[in-house]
*Asks:* 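Just dropping this structure here.
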Amino acid sequence: MRIGDLSARTGVSQRSLRYYENQGLLSTTRSPGGQRHYDEADVPRVQEIRAFLAAGLPTRVIAGLLNGLAVCRAAPDADEALHSWETLSRERSRITSVIDELVTARHALDELLAVNHAFLKEHPTAR
DNA sequence: GTTCTTACA
DNA sequence: TGTAAGAA
């Protein structure tokens with residue numbers, strides 16, 4: 001499929017898709033005229049890229065993760081897959097830490113909101 | 001009509 | 001990342 005199709009199917013702009021390719025996150029095949037061609041597997045791949053990007057990972061890291069993912073899928077029991085597996089596992093831990101920090105931040109905000117709510121309850125005219 | 005590259009806001 | 005410009 002062409003870039004317009006992939007864009008429509010993933011909701012990701014053509015601009016971003018070209019950018020992902022430049023960052024080494026996506027590989028494409030070119031038609032004689034120079035047009036990019038994507039295959040079905042690129043749809044879920046773009047979805048993964050979006051998820052990692054949303055998780056705050058820099059494109060450089062994502063490129064490495066995606067490769068590791070490919071390696072593990074190709075030969076789950078190969079030697080090379082072990083290193084990739086560890087890298088992926090490490091990244092999972094990092095993301096878990098970030099989530100924990102976000103949850104903590106949310107708790108803090110909840111408390112501030114609770115205090116503010118209590119204040120307004122005491123002084124209805126304050127607002 | 002769709003996509004490509006390059007460049008600018 | 002959006003958008004514009006000019007070529008393919």
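Below, chain A is the first sequence line, B the second, and so on; all start at residue 1.
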*Asks:* Can you measure A:Asn22 atom CG to B:dT3 atom C1' for me and round it to whole angstrom units?
*Replies:* 14 Å
*Asks:* If only atom types and distance count, is the side chain of A:Asn67 paired as donor or acceptor with the main-chain N or O of A:Gly64 below 3.5 Å?
*Replies:* no
*Asks:* For a quick check under 3.5 Å, do A:Ser16 and A:Ser13 share a side-chain donor-acceptor pair by atom type?
*Replies:*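 A:Ser16 vs A:Ser13: donor-acceptor pair found between side chains.
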*Asks:* Over how many whole Å does the gap from A:Met1 atom CE to B:dT2 atom C1' extend?
*Replies:* 16 Å
*Asks:* Quick one: pull up NZ in A:Lys121 and CG in A:Asn116 and give me the separation to the nearest 0.5 Å.
*Replies:*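 The NZ atom of A:Lys121 sits 13.5 Å away from the CG atom of A:Asn116.
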*Asks:* Please tell me if the side chains of A:Thr59 and A:Tyr19 come closer than 4.5 Å, counting only heavy atoms from C-beta onward.
*Replies:* yes
*Asks:* Return yes if a side-chain donor-acceptor contact under 3.5 Å exists between A:Glu21 and A:Thr28, otherwise no.
*Replies:* yes
*Asks:* Round to the nearest Å and state the distance from A:Arg15 atom CZ to B:dT3 atom C1'.
*Replies:* 14 Å
*Asks:* Given the structure, check if the side chain of A:Arg18 and the base of B:dT5 hold any donor-acceptor pair shorter than 3.5 Å.
*Replies:*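 A donor-acceptor contact between them is absent.
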*Asks:* When you check the phosphate oxygens OP1 and OP2 of C:dT1, does a side-chain N or O of A:Ser13 lie under 4.0 Å from one of them?
*Replies:*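 Negative; the distance criterion is not met.
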*Asks:* How is the base pairing of DNA chain B summarised as a dot-bracket string, given the Watson-Crick and G-U wobble criteria with both distances under 3.5 Å, [ ] for crossing and | for another strand?
*Replies:* .|||||||.
*Asks:* How about A:Tyr20 and A:Arg45: does a side-chain donor come under 3.5 Å of a side-chain acceptor?
*Replies:*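 Their side chains do not contain a donor-acceptor pair, so the 3.5 Å distance test is not met.
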*Asks:* Flag the pair A:Arg60 / A:Gln23 as yes when at least one side-chain heavy-atom distance between them is below 4.5 Å, and no otherwise.
*Replies:* no
*Asks:* Check whether any side-chain heavy atom of A:Asp110 sits under 4.5 Å from a side-chain heavy atom of A:His107, and report yes or no.
*Replies:*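 Touching, per the 4.5 Å side-chain cut-off.
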*Asks:* In whole angstrom, what separates A:Leu17's CG from C:dT3's C1'?
*Replies:*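 Answer to the nearest Å: 16 Å.
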*Asks:* Categorize A:Arg2 for me: base, sugar-phosphate, or nothing, with a 4.0 angstrom heavy-atom threshold over every strand shown.
*Replies:* sugar-phosphate
*Asks:* Let me see the working for A:Glu40 and A:Arg9 under salt bridge (Lys or Arg N to Asp or Glu O under 4.0 Å), right down to the final yes or no.
*Replies:* CA-CA 10 Å; A:Glu40 219 56 40; A:Arg9 288 232 243 149; 2.6 Å; yes
*Asks:* Report the distance from atom CD1 of A:Ile3 to atom P of C:dG2, rounded to the nearest whole Å.
*Replies:*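 After rounding, the reported distance stands at 12 Å.
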*Asks:* Hey, can you pull the residues of residues 24-48 of chain A with a non-hydrogen atom under 4.0 angstrom from DNA chain B?
*Replies:*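 When residues 24-48 of chain A is checked for heavy atoms under 4.0 Å from DNA chain B, the hits, listed by number, are A:Arg30, A:Gly34, A:Gln35, A:Arg36.
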*Asks:* Roughly, in whole Å, what's the span from OH in A:Tyr19 to C1' in B:dC4?
*Replies:* 19 Å
